Number of protein chains: 2
Amino acid sequence: MNIGEIAKRAGVSRSTVSYALSGKRPVSEDTRRKIQRVIDDLGYQPNASARALANGRTNTIGLVFPPAGNHYTGMQLDFIGSVTEAAADHDYDVLLSPSGMDSDRSFQRLLGERRVDGAILMEMRLQDDRLDHLTEVGFPSVAIGRTANPQGSWWVGLDHTALAAACVHHLADLGHRRVAFVNRPEPLLRAGYESAHRGLDGFTKAAAERGLTVRTYCCGDDAASGQACLEQILHDDPATTALVTLNEAALGGIYRGLAQAGRQVPHDFSVTGVVAGRWAETVTPQLTAADVPAEQMGRLAVELLVERLNHPAAPARHHLLAPPISLRASTAPPGPGPTGAAHDLGAPAHP
Amino acid sequence: MNIGEIAKRAGVSRSTVSYALSGKRPVSEDTRRKIQRVIDDLGYQPNASARALANGRTNTIGLVFPPAGNHYTGMQLDFIGSVTEAAADHDYDVLLSPSGMDSDRSFQRLLGERRVDGAILMEMRLQDDRLDHLTEVGFPSVAIGRTANPQGSWWVGLDHTALAAACVHHLADLGHRRVAFVNRPEPLLRAGYESAHRGLDGFTKAAAERGLTVRTYCCGDDAASGQACLEQILHDDPATTALVTLNEAALGGIYRGLAQAGRQVPHDFSVTGVVAGRWAETVTPQLTAADVPAEQMGRLAVELLVERLNHPAAPARHHLLAPPISLRASTAPPGPGPTGAAHDLGAPAHP
DNA sequence: TTGAAAGCGCTACCAA
DNA sequence: TTGGTAGCGCTTTCAA
């Protein structure tokens, strides 16, 4: 059933039906009611492809979500969920593309075949060929994350530098002097992942500023790697009393490694980092962390994109978020150190 | 740029270009090369909407993934990831719909506006209005999960009954007599969630068979609820020595509750259940569980759907999976009970 | 306030 | 082996 059928049954022309639907031209209350009745009776819905072909808009946005290595992280799920729901609120559908690079078949389909009106990019890199490509061809997009040079582009990002620094200051304030940093997997760092780089930067600078002794590690996105990484940390410097992590998926493994090394959190060892709140609360003790507001970020990204689609000439806008650290239960002043067996020295070793 | 432009530059007709692209009609090697050259030069890609309009296929599949309550679970992420990648392998794109019900706007768009060729349904209920609707209008779909009466429909599911029963037998074999069951949230159970119902069934029957004393609980999909639920369990029957859970998101909270109650896993208390392997390994000790093969299920669902799309008259097919229990570290023979302080009975040497 | 008709870009039928 | 052309179902301009 198509618009012609509706027109015939309502005794009007196809254009009138179209206008009655879109409201782009006045239609007498009478005919509009007549048409609506037929539409309701037949449960008519206009064909999306035809509509897209005729007016050049698909009412679909592309969500480019490459796997971060072998698999996806919990944070990505939060983004996908919030983007999809926000999009639905604006009557947009979301088309998924698992593309890691500009040259992916799936990415090419998205753009080249004009399946979507605009795109939201996840897992940004400091130099991002996907974004370069989009900007070059003038395709509307909003990034979750920002490149090294984000001027003139649309994005909603997290101030990873400030967040990692805040973690360092928090630990330094508690009296920690020897702190490790657990980053995302090495391949991602090499690929130029924004969060990994800026986080590392923020950590390093703040640590230098506070005169801390630090070591930095890359760590696979899974529990086993987290555990291995923690073992490495304690092996490299048993006097380490705290760590900062960006690696949500490794968190469970880090805790396990700590437990097996006989370090109790937070008495013997403090853990903090940048992690979506929902996942920070699954570990025991709950993680004191800068909570990634994934829900809000997804929603903002959609809103920016919709705005951009509606106003093609609008100047670039962005949101840089820097959520505060949520104090939970995984940090405390440093304990007596690796040799001590007592867990009850109320006071920090280094005030 | 469109197919006409290509035709003009290659000095052939539009139909020839079309056939050269689709291969549905022989084209001389000469002209095909000429055409290909122009296409490569201009980077031409056919417009998806036009193509969809002309041949009635969108090359897109819909993934209907309703939030399970307030938010999404880790397992859903695994499904989304595997479905998207499997679809990409078949040159299909994936359109997301957060629809919980047949009547959702987003669901109606998917079908009514013919945005997709077929759909994959997640979060099945025993009576599922979405599937009823799809079947009624003859829309090709594959469900991840199955209804009470799955005959004649396409699905890939998990034998939750057998899986939950296997957990019970595993615990009974170890000597546990008082066992709790931690289900998905109550609203989902009331809504008729398949996994929640069949899991509960399998648990109850197997427990009766083994003469166990049991209590069953519903539990919110988050750590806080898990903790609260565990407290309730120990309050209701402090002699409980083990539990079976389907609730992956509550797992961290369950462990926390156990720790706070002074029960060590697995010495004083055993935990097992049905959980995607990746998440079972984030807790310490790692969870002995029937691993949900989410990756495989997503892939199978796509393959079934593609088969169905290519052979509209093919008889319904399905896959019922029943993965074995992966023995990890969270179960052991029951300890001395709630009063005992000794943690060094016959349990495994390794914490 | 309404209708007729020309596209949108592609596919596939009918002829040659 | 190729070209011409009539749709696919909708939007929108032009006329009335």
Side-chain angles (χ1 to χ4, degrees), chain A residues 1-36 38-39 42-60 91 93 108-117, chain B residues 1-39 42-60 91 93 108-117 309:
Chain A
M1 165 206 11
N2 57 34
I3 203 175
E5 183 77 2
I6 304 296
K8 197 186 305 173
R9 302 214 188 192
V12 298
S13 76
R14 303 187 314 168
S15 48
T16 301
V17 175
S18 176
Y19 285 119
L21 245 32
S22 70
K24 292 189 182 171
R25 180 167 97 173
V27 171
S28 80
E29 197 43 38
D30 230 38
T31 52
R32 112 163 278 104
R33 248 201 305 276
K34 226 170 18 187
I35 292 171
Q36 193 57 51
V38 178
I39 286 180
L42 276 63
Y44 165 77
Q45 287 183 261
N47 177 304
S49 304
R51 174 174 278 185
L53 178 59
N55 70 10
R57 297 192 50 158
T58 60
N59 263 275
T60 303
D91 281 328
D93 281 325
Q108 295 296 346
R109 270 209 306 269
L110 220 64
L111 305 185
E113 303 185 358
R114 311 221 79 89
R115 280 174 190 269
V116 300
D117 297 335
Chain B
M1 166 205 10
N2 58 34
I3 203 175
E5 183 76 2
I6 304 297
K8 197 186 303 172
R9 303 213 188 193
V12 299
S13 75
R14 301 187 315 166
S15 48
T16 301
V17 175
S18 175
Y19 285 119
L21 244 34
S22 70
K24 292 190 183 172
R25 182 166 97 171
V27 172
S28 80
E29 198 41 39
D30 229 39
T31 51
R32 115 164 272 105
R33 248 200 306 277
K34 227 170 19 189
I35 293 172
Q36 193 57 50
R37 234 189 83 68
V38 178
I39 287 181
L42 276 63
Y44 165 76
Q45 287 182 261
N47 178 303
S49 304
R51 174 174 279 186
L53 178 57
N55 69 11
R57 296 191 53 157
T58 61
N59 263 275
T60 303
D91 283 325
D93 280 326
Q108 295 296 346
R109 269 209 307 269
L110 219 63
L111 305 186
E113 303 185 357
R114 311 220 78 89
R115 281 176 189 268
V116 300
D117 297 333
L309 291 174

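To find a chain, count down the sequence lines: A is the first, B the second, and so on, and within it residues start at 1. Because the structure is a prediction, the values reported are computed rather than measured.
The stretch residues 6-18 of chain A touches DNA chain C through A:Gly11, A:Val12, A:Ser13, A:Arg14, A:Ser15, A:Thr16, each having a heavy atom under 4.0 angstrom from the strand. Contacts with DNA chain D (heavy atom under 4.0 Å) in residues 50-57 of chain B: B:Leu53, B:Ala54, listed by number. Contact check of residues 19-26 of chain A against DNA chain C (heavy atom, cut-off under 4.0 Å) returns A:Arg25, A:Pro26.
Residues passing the salt bridge (Lys or Arg N to Asp or Glu O under 4.0 Å) test with B:Arg115 are A:Asp93, B:Glu113, sequence neighbours excluded. Residues passing the side chain to side chain contact (heavy atoms under 4.5 Å, CB included) test with A:Ala50, sequence neighbours excluded: A:Asn47, B:Leu53. With sequence neighbours excluded, no residue forms a side-chain hydrogen bond (donor to acceptor under 3.5 Å, both in side chains) with B:Arg25. With sequence neighbours left out, A:Asp117 forms a side-chain hydrogen bond (donor to acceptor under 3.5 Å, both in side chains) with A:Thr58. Applying the salt bridge (Lys or Arg N to Asp or Glu O under 4.0 Å) rule to B:Arg37 yields the partners B:Asp41; only residues at least two apart in sequence or on another chain are considered.
Pairs engaging residues 3-13 of chain A under the side chain to side chain donor-acceptor pair (under 3.5 Å) rule: A:Glu5-A:Arg9, A:Ser13-A:Ser15, A:Ser13-A:Thr16 [sequence neighbours left out].
Terminal axes of the helix from C:dT1-D:dA16 to C:dA16-D:dT1 (five pairs each, C1' rotation axis) are separated by 40°, to the nearest 10°.
Protein chain B contacts DNA chain D from D:dT1 to D:dG9, reading 5' to 3' and using non-hydrogen atoms of the protein with a distance under 4.0 Å. When DNA chain C is scanned 5' to 3' for any atom under 4.0 Å from a heavy atom of chain B, the first and last hits are C:dG9 to C:dC14.
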